[in-house]
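Working notes for the structure below.
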There are 2 protein chains.
Amino acid sequence: MPPSLSDRLTESILGIIRDGGLRPGDAIPSARELAKRFAITTPTVREALRKLEATGAVEFRHGSGTYVGPTINNVVLANPHRPPITKDSVLQLISARLVIEPAVAAQSAVSRQPENLERLEAAVTNALVPPGGPAFALNFHVELAAASGNPLLQEVLASLLKVRVREQQQIRALYDNRARDHEEHQAIVDAVRAQDAVRAEQLTRSHLDNIRQAVEAAPEFS
Amino acid sequence: MPPSLSDRLTESILGIIRDGGLRPGDAIPSARELAKRFAITTPTVREALRKLEATGAVEFRHGSGTYVGPTINNVVLANPHRPPITKDSVLQLISARLVIEPAVAAQSAVSRQPENLERLEAAVTNALVPPGGPAFALNFHVELAAASGNPLLQEVLASLLKVRVREQQQIRALYDNRARDHEEHQAIVDAVRAQDAVRAEQLTRSHLDNIRQAVEAAPEFS
DNA sequence: ACTCACAAACTGACTAAATCACTTAGCCAC
DNA sequence: GTGGCTAAGTGATTTAGTCAGTTTGTGAGT
């Protein structure tokens, strides 16, 4: 069962990106030129590009060009075609985070660098500004994972949280306890700063447990 | 910036799958029929289907049809367009697993059901049969995560390990210590059976640490 | 010299109508 | 029955073109 033409094409296009040293944001050759280069037609090229688009490896900008996407080097990614969200799926997500994140926090307390502490502080304070601020790229829990020094852990957390974006508003609507969140986040940062792994782990666990309880108490959402 | 036609199409196709109650393995309407139904042309339909294919939501079988894929309900998935593997990336992966898996093992020791123990035992014994056996679908570490009762944790581990498949042969070639692996796996299962979370956690940690050391000692691969 | 408007010249988005390649199921001969 | 052939349905790909945005450079007007 030989790989299909469009399969080989995706690999070739990735080869162009890697061999060309292209980084996220850089433009790749136009669909017409790729078609010419590989001696195939544009619909076939577009199929291959769509596959790459689905995984965030490339991005289309109508009229402008095709660009290298932000997650091209990711190992694990959030499913862009997510199933609909239910209260159960939210609780499942929090349960998974309850297993993973405390261990991550402990590791981050050990491995954190001064740069990580800066970003963590920024994430904590940014969360206080009312929504609409542009600096929402910094997510506290993702930055906490980043402080572990392992990009893979950051990817895993980012993927888990990306799925949550859609219902984040719903949770906020039901249980907007920004002040408490802020306090707990700050306490975790302090533990990480002090390189107190045990405390960071335990604070993260109770923080997530608080969120879990809040969601559990909330009514089923639409 | 309105979503492109093929974006809306993917959503519509997912709608057909979900509304039709289709499950992985079931056939979906042919590209020609979808084109007719949405009053568009087949290349456009194919672009949408390719996007769904990239995330494992659908599968093509030339000459036969298009079928619902196994990972359509996944929240997080392994990047099918993985970057090339280096020794560093392998160590990074093991480090991430060293953070996540012990915590997962502890949770599994608490939550495991009789059914999980069966599958774990099967995974342990299957690993002993020489490669070529068909029952390689059971991966010990994935089953260990499954025993936690949280499908999301299973997804995360499966995604992390899927990436590793490509270099699994390389690791095996450098450090084929199947007997030791088997012993350590068996010890973890015993701890999980006894619902001894602390021991399961610690055994998992040392097991992964052994693998890490073996990889570290290995020469750089091609 | 500066700025604004506008017109190419690029780009992606999509259409239309075929042809080729593969799989499956049914039929028929043996 | 069983084997092989055939026909219908499917995905894979081509060809040739139109539509719709974006970027860039040019030139008129100030």
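Every chain is numbered from 1, with letters handed out A, B, ... down the list of sequences.
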What is the ring orientation for A:H185 with A:H141, classed by angle as parallel under 30°, tilted 30 to 60°, or perpendicular over 60°?
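It falls in the perpendicular class, over 60°.
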If we only count heavy atoms from C-beta on, is the B:E143 to B:N116 side-chain gap below 4.5 Å?
no
With a 4.5 Å heavy-atom cut-off, do B:P43 and A:E47 have their side chains touching?
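Not touching, per the 4.5 Å side-chain cut-off.
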Residues in contact with DNA chain D, drawn from residues 18-40 of chain B - heavy-atom cutoff 4.0 Å:
B:S30, B:A31, B:R32
Quick one: pull up CD1 in B:I100 and CG in A:L157 and give me the separation to the nearest 0.5 Å.
8.0 Å
Enumerate all atom pairs, one protein N or O and one N or O from nucleotides 23-26 of chain C, separated by less than 3.5 Å.
from   : atom 1 : to    : atom 2 : distance (Å)
C:dT23 : O4'    : B:G63 : O      : 3.4

salt_bridge(B:E11, B:R8) N-O dist < 4.0 Å
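Answer for the salt bridge query: no.
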So, A:E33 and A:K36, do they make that salt bridge, N to O below 4.0 Å?
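Not counted as a salt bridge, because no side-chain N and carboxylate O are separated by less than 4.0 Å.
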Test salt bridge (charged side-chain N to carboxylate O under 4.0 Å, His left out) on B:R180 and B:E183; report intermediate values, then the result.
CA-CA 5 Å; B:R180 182 179 186 171; B:E183 264 180 42; over 6 Å; no
Given atom CG of B:D7 and atom C1' of C:dA13, what is their separation to the nearest angstrom?
11 Å
Looking only at heavy atoms, which two atoms of [X] and [Y] are closest? And how far apart?
{"X": "B:A147", "Y": "B:L120", "value": "CB-CD1, 4.4 Å"}
{"X": "A:G21", "Y": "A:D26", "value": "O-OD2, 4.5 Å"}
{"X": "A:Q154", "Y": "A:A145", "value": "CA-CB, 3.9 Å"}

Please compare A:L49 and A:P43 by the position of their nearest nucleotide in DNA chain C and report the one closer to 5'.
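By nearest-heavy-atom nucleotide position, the 5'-most residue is A:L49.
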What is the 5' to 3' range of DNA chain D, first to last nucleotide, that sits under 4.0 Å from any heavy atom of chain A?
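In short, chain A contacts DNA chain D from D:dT13 to D:dT23.
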Of A:S6 and B:G65, whose closest DNA chain D nucleotide lies nearer the 5' terminus?
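So the residue in question is B:G65.
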